[in-house]
Amino acid sequence: VQLQASGGGLVQAGGSLRLSCAASGLTVSVYLLAWFRQAPGKEREFVAYISASGVSTIYADSVKGRFTISKDNAKNTVYLQMNNLKPEDTAVYYCAADVYSRILIGNADYWGRGTLVTVSS
């Protein structure tokens, strides 16, 4: 199983980025999927979650209204659209997959390597 995250980069505050996480070895249509992030010197934190059906989503309060998680079952890929980015969004972003809701507390069977997002002020 591999989760390959991409799409990170350097962006100015107020800008947008879309992260992608392409899965191989598992089918995103039957997995719970989430994005987490870890800023320098801080612990990893939950960002967003999407259910296997794609109907349910959950967001951290800090990103609610600015970030959108989605997935494309045909491409076996999960996305994180990030708008109105702030310097405090700077972090390495990781995608994760699991069949259990423990993923919401950061306990997942599968993790991507991460992609760096840097937001300048």
Side-chain angles (χ1 to χ4, degrees):
V1 173
Q2 278 195 330
L3 298 174
Q4 183 64 50
S6 62
L10 174 63
V11 64
Q12 288 189 331
S16 298
L17 283 175
R18 188 177 81 155
L19 305 184
S20 300
C21 178
S24 58
L26 64 81
T27 303
V28 300
S29 62
V30 298
Y31 272 77
L32 312 180
L33 304 162
W35 287 94
F36 290 79
R37 67 186 181 186
Q38 187 166 19
K42 295 188 177 181
E43 294 188 352
R44 184 176 62 197
E45 65 174 359
F46 168 79
V47 175
Y49 156 90
I50 188 166
S51 63
S53 67
V55 172
S56 298
T57 56
I58 301 173
Y59 296 93
D61 287 344
S62 59
V63 308
K64 204 171 293 183
R66 300 188 297 121
F67 290 12
T68 303
I69 188 171
S70 63
K71 62 176 181 172
D72 185 331
N73 291 337
K75 295 183 178 180
N76 217 31
T77 299
V78 60
Y79 302 98
L80 185 68
Q81 177 67 44
M82 307 185 294
N83 297 329
N84 191 21
L85 283 161
K86 304 176 180 181
E88 52 263 41
D89 294 317
T90 295
V92 177
Y93 285 71
Y94 299 90
C95 54
D98 203 286
V99 294
Y100 299 110
S101 59
R102 63 185 182 179
I103 193 174
L104 290 168
I105 59 171
N107 188 359
D109 276 345
Y110 305 110
W111 291 87
R113 281 192 174 183
T115 185
L116 176 63
V117 172
T118 303
V119 184
S120 63
S121 57

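Sequence neighbours left out, not one pair with a member in residues 1-12 passes side-chain hydrogen bond (donor to acceptor under 3.5 Å, both in side chains). For residues 13-121, every residue pair satisfying the disulfide bond (SG atoms under 2.5 Å apart) rule, not counting sequence neighbours, is listed here: Cys21-Cys95. Applying the salt bridge (Lys or Arg N to Asp or Glu O under 4.0 Å) test to residues at least two apart or on different chains, none of the pairs has a partner in residues 51-60. Pairs of residues two or more places apart, or lying in two chains, never qualify as side-chain hydrogen bond (donor to acceptor under 3.5 Å, both in side chains) while including a residue from residues 20-34.
Judged by distance alone, with hydrogens and angles left aside, the side-chain atoms of Lys71 form no donor-acceptor pair with the main-chain N or O of Ile50 at under 3.5 Å. Side-chain N or O atoms of Asn76 include one that pairs as donor or acceptor with a backbone N or O of Leu26 at under 3.5 Å.
Put simply, Tyr100 and Ile103 are part of two different groups of oily side chains (I, L, V, M, F, W, Y) that touch within less than 4.5 Å, one to the next. No continuous path of ILVMFWY side-chain contacts below 4.5 Å connects Phe36 to Tyr93, so the two sit in separate hydrophobic clusters. Following chains of ILVMFWY side-chain contacts shorter than 4.5 Å, one cannot reach Leu3 starting from Tyr94, and the two form parts of different hydrophobic clusters. Leu19 and Val11 fall within a single hydrophobic cluster, where Ile, Leu, Val, Met, Phe, Trp and Tyr are joined by side-chain heavy atoms under 4.5 Å apart, directly or via other members.
Atom CG in Leu10 sits 9.0 Å away from atom CG in Leu17 (nearest 0.5 Å). The distance from the OH atom of Tyr49 to the CG atom of Asp98 is 10.5 Å, given to the nearest 0.5 Å.
The two atoms that bring Leu104 and Phe46 nearest to each other are CD2-CE1, 4.0 Å, heavy atoms only. For the pair Arg66 and Leu85, the tightest heavy-atom approach, listed with the atom from each and the gap, is NH1-CA, 3.9 Å. Contact between Ala48 and Leu80 at its shortest, heavy atoms only, is CB-CD1, 4.1 Å. Contact record, Ala23 with Val28: CB-CG1, 3.8 Å, taken as the closest heavy-atom pair.
Listed by chain and number, the hydrophobic cluster partners of Tyr79 come to none, as no ILVMFWY side chain reaches under 4.5 Å of it. Side-chain contacts under 4.5 Å among hydrophobic residues (ILVMFWY), followed directly or transitively, place Ile105 with no other residue at all.
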I'd like a table of donor-acceptor pairs (distance under 3.5 Å, sequence neighbours excluded) in which one partner is a side-chain atom from residues 106-121, with atom names and distances.
from	atom 1	to	atom 2	distance (Å)
Asp109	OD1	Arg102	NH2	2.7
Asp109	OD2	Arg102	NH2	3.2
Trp111	NE1	Ala108	O	3.2
Thr115	OG1	Gly8	N	3.0

Quiz: residues 52-61 side-chain donor-acceptor pairs under 3.5 angstrom, not counting sequence neighbours:
from	atom 1	to	atom 2	distance (Å)
Ser53	OG	Ser51	OG	3.2
Ser53	OG	Val55	N	3.2
Tyr59	OH	Ile69	N	2.9
Asp61	OD1	Lys64	NZ	3.1

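Contacts of Glu45 classified as salt bridge (Lys or Arg N to Asp or Glu O under 4.0 Å), with partners at least two apart in sequence or in another chain: Arg37. Residues meeting the side-chain contact (heavy atoms from CB on, under 4.5 Å) test with Gln81, sequence neighbours left out: Ser16, Arg18, Thr68, Asn83.
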